[in-house]
**Student:** 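Here it is: the structure, laid out below.
Chain identifiers are assigned alphabetically (A, B, ...) following the order of the sequence lines, protein sequences preceding nucleic acid strands; residue numbering begins at 1 within each chain.
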Protein chains: 4
Amino acid sequence: MALERAADRALQRDGFRGRIDKRQAILQAAWTVFSRDGYSHATIEAIAMEARVAKTTIYNHFGDKETLLRHAVAADAERVAARNIAAIERLVPDRTRLRAALEELGYQLLRCHCDEQSWQLRRILVAEVGRLPDLLDIADQRAMSRIVGVLADRFARLTIAGLLTTGDPLLAAEQFSALLNGPADARSRLGTRRISDRELHALARDAVSTFLQAFGPPAREA
Amino acid sequence: MALERAADRALQRDGFRGRIDKRQAILQAAWTVFSRDGYSHATIEAIAMEARVAKTTIYNHFGDKETLLRHAVAADAERVAARNIAAIERLVPDRTRLRAALEELGYQLLRCHCDEQSWQLRRILVAEVGRLPDLLDIADQRAMSRIVGVLADRFARLTIAGLLTTGDPLLAAEQFSALLNGPADARSRLGTRRISDRELHALARDAVSTFLQAFGPPAREA
Amino acid sequence: MALERAADRALQRDGFRGRIDKRQAILQAAWTVFSRDGYSHATIEAIAMEARVAKTTIYNHFGDKETLLRHAVAADAERVAARNIAAIERLVPDRTRLRAALEELGYQLLRCHCDEQSWQLRRILVAEVGRLPDLLDIADQRAMSRIVGVLADRFARLTIAGLLTTGDPLLAAEQFSALLNGPADARSRLGTRRISDRELHALARDAVSTFLQAFGPPAREA
Amino acid sequence: MALERAADRALQRDGFRGRIDKRQAILQAAWTVFSRDGYSHATIEAIAMEARVAKTTIYNHFGDKETLLRHAVAADAERVAARNIAAIERLVPDRTRLRAALEELGYQLLRCHCDEQSWQLRRILVAEVGRLPDLLDIADQRAMSRIVGVLADRFARLTIAGLLTTGDPLLAAEQFSALLNGPADARSRLGTRRISDRELHALARDAVSTFLQAFGPPAREA
DNA sequence: AATGAATGAGCCTTCATTCAT
DNA sequence: CATGAATGAAGGCTCATTCAT
């Protein structure tokens, strides 16, 4: 809400040093610091320095640390969602190379999932969900739910097109995600270890393989 | 190591400045507080009060907050692992009701997974893995790895018995877990919402269903 | 360096959470407390109270206790040096009453040396030089060295004027100081006991007497 | 006082590991730690470890930290005094090489004065004299006063023997010490820097030179 | 709206000291 | 007497937050 107010004056004058918009700078800096240090260890001062802004300015814009976190999380969730959805929407229903297409999609989703930024978002969510439960709402409605939703849509269309056999596209979408992310989480040691591209491809292949045996096209694919 | 020293005097009277088993009391209290408040928000003082002990006593036993966390995590991981493994080992290879048995196993694992204690352990791990990477090692080697390992063993036996078709039992175990936990995580809103028993059963059924289509017995079971 | 920033607003009103010149107030309070209690026994809280300032303000200005000590020592060394040098510069080369003039100088230097403030500075230096060796540099270059240097200059001029016979004016200055301070230190029990003015005069006389026999004017004074 | 009680049983039985006497071990350890870390930074625990003794044992023997310090200081003062006095007593009244003998004495006294242990004793005295004034009495009556006293005696004898001209041997002794130690203190940066033997000899020569011009034999020695 | 200075609450940790055996 | 465990009282330092300009 307050997030937009600033956008309007994003182009206004502003004395000295060229600057995009303080509010934006703060949000970026906040995310940088929050995701680097975790919410509790992050300090407003660090964020202020990163944003080249006085501490008080942050308070003027966001009121307090929690609110700042909420805004930062919202912004990041948006970014994360955008990347995931873009990947999903590249999935074309092509009868002849369904498996390849799904594998490519799986790979792309895994890349998003294993990205540092994604991990950091999840880390903060998990860490703070006890104290700040609404954080999850924010992130969920901007990223998680939307992503699975879009994926389910795709699967529904593929089902209609006779390429998949999903009684419940949403369930299929959830399981597709789970088959991708579950093993990846284990292998990346909660995002601590980088997973090579080759490994990612392998993970995608395994997931798709299982997925297709359960939800593959009606007749063939025994 | 030093963890056992205390056990010896576990039976003493309580005396004035009693001693029963302070170490154990501290460990329990630590876990209570850590998992309730998160590592950073937890204070040694709160733990001391919870354990009915002087703050310094904690330092005498564990040195510092981090070390205390490590010990507490280790202890809890042990508990979590025990419960999971017990559930797995109850899985009997019975040809006629394989599906029912797997569903029961899935349900039990889900109950473990969705248990508050489990969630708290995971929360702390995820939250602090950046700053304290060895925490993951501790938990992984005491719980996560062991659990998947035992599960894989089971699947291997079932494969040999001709009840499953798993080329790579470890992969099967990972995917089985993923199919269970992934959807559960989403539905429980990262452990924030309790999932009803009925829901858990449903989740188990869905997971097993997909699982069996991929890894079911060779001939039958279309 | 940062020491001056505050000077600029030295004239402001006092306001509610006044500001007059906190930095200066802190420095003074710090010296009061440090020299009263010694570095280790002094607490930041005591200093804060003495300066009527919040503890944090001290940290904002000086970063930590050590740095605060360094600044306080520097400030005090400056004061001590000023007094000593002023005394030395009052020494006029007068042929007829050289002895009287030297005795007066000796007396003045002893007064400086035996002053509480001087003793406190020395106490802290000696006590902490092990842990904080650079303290000595600070004090030395602001007080000790300068003082002996100025004294040596004076003696050099007197030598040129034929009033003294100092092959090495610096040595003469050092020995002059030593003859004054050494006995004074013993008599004052490391600054614990006040020495009466009569005693100080006597000490000066003894020192000058010995000094002149070694460095007195060329011809006479066998 | 309590110091002697233990000495009596120094040879008694004592269970286990061969040991000289716990009390003695504690005293040594105390001095080691006190002089290494300074009184405030020294911890009873460190002393206990150094002495291979339980903390409580220290309390059994000495009651509290201050008392322990007093005893340790007393013991060390004794040691320091012994070394100094030994040096002084080696001074023989020899007409033909008085200067050489004095220089040798000066050199020996400087070595004592500049010794680490001496500095540490002085450091602690100076640091704590405010809070624990009786420390000075202890050290003074066991070391400082005795040393100057013995030196004054020597000078008195030399005066009677016609080798020196000291109206007040005590003054002469004090000034002799001052001429030695004053410059040495400056050059050693309060005991921080080691002074080479050559330098020490030079310092002794300078001191003796001035000293003899003031207190040399009656007629000769211009 | 932006800033520099100041604040108060609190946290981790240390240490001299005391119990109970 | 010696010991291991436990304690209470601080102390240094950090941080979110607020004034006053």
**Student:** Check for a donor-acceptor pair, side chain of A/Ser35 on one end and backbone N or O of A/Trp31 on the other, with a separation under 3.5 Å.
**Tutor:**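 Such a contact is found between A/Ser35 side chain and A/Trp31 backbone.
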**Student:** Find the distance D/Leu68:CG to E/dA16:C1' and express it as a whole number of Å.
**Tutor:**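 Computing the D/Leu68:CG to E/dA16:C1' distance gives 12 Å.
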**Student:** So, OP1 or OP2 of E/dT3: does either fall under 4.0 Å of a side-chain N or O from A/Thr57?
**Tutor:**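 Checking A/Thr57 against E/dT3: at least one side-chain N or O falls below 4.0 Å of OP1 or OP2.
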**Student:** In whole Å, I'd like the distance from the CG atom of D/Asp37 to the P atom of E/dC15.
**Tutor:**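 To the nearest whole Å, that distance equals 10 Å.
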**Student:** Please round to the nearest 0.5 Å and tell me the distance separating atom OG1 of D/Thr43 and atom CZ of D/Phe34.
**Tutor:**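 So the gap between those two atoms works out to 9.5 Å.
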**Student:** Considering Watson-Crick and G-U wobble pairs with both distances under 3.5 Å, what does E/dT21 pair with?
**Tutor:**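 Base partner found: F/dA2.
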**Student:** Provide, to the nearest angstrom, the distance between the CZ atom belonging to C/Arg23 and the C1' atom belonging to E/dA6.
**Tutor:**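 Roughly 14 Å, once rounded to whole Å.
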**Student:** Hey, is the side chain of A/Asn60 pairing donor to acceptor with the base of E/dA2 inside 3.5 Å?
**Tutor:**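 Side chain to base: pair present.
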**Student:** Do the side chain of A/Asp134 and the main chain of A/Asp137 share a donor and acceptor less than 3.5 angstrom apart?
**Tutor:**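 Side chain of A/Asp134 to backbone of A/Asp137: no pair is present.
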**Student:** Please report, rounded to the nearest Å, how far the P atom of E/dT13 is from the CD1 atom of B/Ile47.
**Tutor:**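 So the two atoms are 11 Å apart, to the nearest Å.
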**Student:** Over how many whole Å does the gap from D/Ile58 atom CD1 to E/dT18 atom P extend?
**Tutor:**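 Interatomic distance, CD1 of D/Ile58 to P of E/dT18: 14 Å.
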**Student:** Could you tell me the Watson-Crick or G-U partner of E/dA1, where both distances fall under 3.5 Å? Say none if there is no partner.
**Tutor:**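 When the pairing criteria are applied, nothing turns out to pair with E/dA1, so the answer is none.
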**Student:** Considering non-hydrogen atoms only, spot the tightest contact between B/Glu66 and B/Leu132 and give its length.
**Tutor:**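 Closest approach of B/Glu66 to B/Leu132, heavy atoms only: OE2-CD1, 3.9 Å.
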**Student:** Quickly work out the B/Asp21 CG to F/dG4 P distance and round it to whole Å.
**Tutor:**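 It works out to 18 Å between those atoms.
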**Student:** For nucleotides 9-14 of chain F, read 5' to 3', which letter fits each nucleotide if B means a protein heavy atom sits under 4.0 Å from the base, S means only the sugar-phosphate is that close, and - means neither?
**Tutor:** BBSSBB
**Student:** For residues B/Thr57 and B/Asn60, is any side-chain donor paired with an opposing acceptor at under 3.5 Å?
**Tutor:**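 There is no such pair (donor and acceptor under 3.5 Å, judged by atom type) between the side chains of B/Thr57 and B/Asn60.
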**Student:** Let's test this: given Watson-Crick or G-U wobble pairing with both distances under 3.5 Å, identify the partner of F/dA10.
**Tutor:**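 Pairing partner: E/dT13.
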**Student:** Could you tell me how far apart B/Lys22 (NZ) and E/dA20 (C1') are, to the nearest whole angstrom?
**Tutor:**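 Interatomic distance, NZ of B/Lys22 to C1' of E/dA20: 13 Å.
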**Student:** Is a side-chain N or O of D/Arg131 found less than 3.5 angstrom from the main chain of C/Asp37, in a donor-acceptor match?
**Tutor:**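 Side chain of D/Arg131 to backbone of C/Asp37: a pair is present.
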